Amino acid sequence: MLAMIMPMSVSDPPPPTTAAASARWKRELAEAVRDPAELCRLLDLDPEVASPANAAGGGFPLLVPRGFIARMKPGDLTDPLLLQVLPRPAEGDEVAGFSADPLAERQARRAGGLIQKYTGRALLLLTGGCAVNCRYCFRREFPYADSGATPAGIRVGLEELAADFSIHEVILSGGDPLLLDDLQLARLVAELEAIPHLRRLRIHSRLPVVLPTRVTPELTALLAASRLAVSLVIHANHAAELDDTVADALTGLAGGVPLRFNQAVLLRGVNDDAEVLAALSERLIDLGVTPYYLHLLDPVRGAAAFAVSEARGRELLDLLRRRLPGYAVPRLARERPGEPAKVWIA
Ligand SMILES: *Cc1c(COP(=O)(O)O)cnc(C)c1O
Ligand code: SF4
């Protein structure tokens, strides 16, 4: 059965057994780089960079898998992947308008780990953990442990989902929901499938990009077998994130997940450039992934250095529309607390 959903040619080596595949991503996660001095060594950067990074990381320290570091350009402090993960001293600055909970998510909690803002769909927080700490993350100060991203909170969230017939789509989120292993996910998906009014399962995960070995044959098989219509929203901000290891993971996933989307955040110094955004869209399309949202940065404390104005966002989108087919142009959007949907800017 695995052979049927994993496209492979006769010359490929046999796929790793599921146990080995599972051990591999867990090992890579455990071996992710947490020490700025080590990151500097790996990238031939001035060691001077490390100590402000240590200080700035604070409660949201450096975390980045080695496979993601391998896609960065050594010696380049402006590398767009490095900028996303390296703590910078300016994170400590208080900037007007930037707060700990910019989306008022604490108010959108329903019960346990269930967050609902929009009609018909709700988000289940499975864990506070991620394989990478993105410096611009809007949940960088989110109190996961108090917000139901725990086994007990998931249980309460499932009960709430089962009791609300108006919810037809559940979105697995976090943190990163694919940090749960295949067995945990299989159990959870079985519980979701048992809720008759649920029709769709969506997964929001950055793991296929930052830790592509997480895409095990077992994960694909599990999603392929679900009675729910499964979609996946990955998160990449720059084409350089999407190397061949990611391409292989996405090819594997295609066997179980018919709809694959990407969300990106518009980030100063990373992708606030028409060439860069066009290259990202084209690479995604080539990998069978539709660009979905290009988010304006949520004004979370510590991330002000990444902000790009709405006017510049519109300008960039206009440039994209002039050079790409319509299906490759993401929706430029921002979230405003209290609005019934994400606000489309262009
Ligand atoms: C972004 C978000 C969604 C998904 O919105 P779509 O427009 O359906 O992609 C759902 N729930 C919450 C709480 C969100 O923040
Ligand atoms: S992977 Fe997503 S949730 Fe985790 S730190 Fe990055 S942006 Fe935040």
Side-chain angles (χ1 to χ4, degrees), residues 29 32 57 59-65 68 81 83-87 91 101-110 113-142 144 147-149 157 161 166-179 200-211 214 229 231-238 241 259-267 270 290-298 300 302-303 306 330-345:
L29 180 64
F60 190 62
L62 173 82
L63 175 64
V64 54
F68 196 71
L81 279 56
L83 289 177
Q84 296 179 52
V85 301
L86 182 69
E91 290 184 22
D101 182 18
L103 304 182
E105 287 206 312
R106 283 159 223 193
Q107 278 99 68
R109 268 188 77 197
R110 288 214 22 188
L114 196 70
I115 293 185
Q116 187 179 20
K117 292 181 191 163
Y118 308 140
T119 302
R121 54 223 194 269
L123 204 137
L124 192 58
L125 301 181
L126 299 190
T127 168
C130 288
V132 61
N133 282 342
C134 311
R135 307 318 303 173
Y136 53 85
C137 178
F138 70 96
R139 294 205 185 111
R140 53 181 285 166
E141 292 192 47
F142 197 71
Y144 286 105
S147 302
L161 275 174
S166 74
I167 299 177
H168 302 297
E169 177 173 13
V170 61
I171 302 171
L172 304 184
S173 182
D176 203 306
L178 292 184
L179 280 191
R200 294 185 298 277
L201 169 67
R202 192 192 321 180
I203 300 175
H204 280 183
S205 173
R206 189 145 160 70
L207 284 192
V209 174
V210 299
L211 197 75
R214 172 64 189 92
S231 60
L232 171 74
V233 184
I234 62 169
H235 171 183
N237 302 308
H238 192 287
E241 292 172 49
L259 294 174
R260 298 168 306 282
F261 301 105
N262 181 62
Q263 49 183 344
V265 182
L266 185 56
L267 298 167
V270 173
T290 303
Y292 181 27
Y293 281 129
L294 176 60
H295 296 278
L296 285 183
L297 182 76
D298 297 314
V300 68
F306 290 110
R331 299 172 174 93
L332 182 65
R334 83 169 343 141
E335 200 170 324
R336 283 208 196 84
E339 291 285 336
K342 297 198 201 301
V343 180
W344 294 10
I345 292 164

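Remember, it's a predicted structure, so these values are computed and weren't measured experimentally. Both ligands and their constituent atoms are indexed starting at 1 by order of listing. Computed from heavy atoms alone, side chains included, the values below leave out hydrogens, waters and symmetry copies.
- Looking only at protein N/O/S atoms, the ones less than 2.8 Å from atom 8 (Fe) of ligand 2 make 1 in total.
- A salt bridge links Lys117 with Glu335: at least one charged nitrogen is closer than 4.0 Å to a carboxylate oxygen.
- Note that OG1 of Thr290 and CZ of Arg260 are 8.0 Å apart. Values are rounded to the nearest 0.5 Å.
- Note that CG of Leu332 is 11.5 Å distant from CH2 of Trp344, once rounded to the nearest 0.5 Å.
- Annotation: ligand 1 has protein neighbours Ile115, Lys117, Tyr118, Arg121, Leu123, Ile171, Arg202, Tyr292, Tyr293, Glu335, Lys342, each with a heavy atom less than 4.0 angstrom from the ligand.
- Looking at Glu241, its side chain does come within 3.5 Å of a backbone N or O of His238 through a donor-acceptor pair.
- The aromatic rings of Tyr136 and Phe306 stand perpendicular to each other, their planes meeting at an angle above 60°, with 30° marking the opposite boundary.
- Expressed to the nearest 0.5 Å, how far CD1 of Ile167 lies from CZ of Arg121 amounts to 11.0 Å.
- With rounding to the nearest 0.5 Å, the separation of NE2 in His204 from CG in Leu126 is 12.5 Å.
- Put simply, CG on Leu86 and CG on Asn133 are 12.5 Å apart, with the number rounded to the nearest 0.5 Å.
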Distance-only criterion, 3.5 Å: show the donor-acceptor pairs between side-chain atoms of residues 169-179 and protein atoms not counting sequence neighbours.
residue : atom : partner : partner atom : Å
Glu169  : OE2  : Arg202  : NE           : 2.8
Glu169  : OE2  : Arg202  : NH2          : 3.4
Ser173  : OG   : Arg139  : NH1          : 3.3
Asp176  : OD1  : Leu178  : N            : 3.1
Asp176  : OD1  : Ser205  : OG           : 2.7
Asp176  : OD2  : Ser205  : OG           : 3.3
Asp176  : OD2  : Arg206  : N            : 2.8
Asp176  : OD2  : Leu207  : N            : 3.2

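- In this structure, Phe68 has no ring-ring contact (aromatic ring centres under 6.0 Å, His included) partners at least two apart in sequence or on a different chain.
- From the protein, the heavy atom lying nearest to atom 2 (Fe) of ligand 2 is His235 ND1, 4.2 Å.
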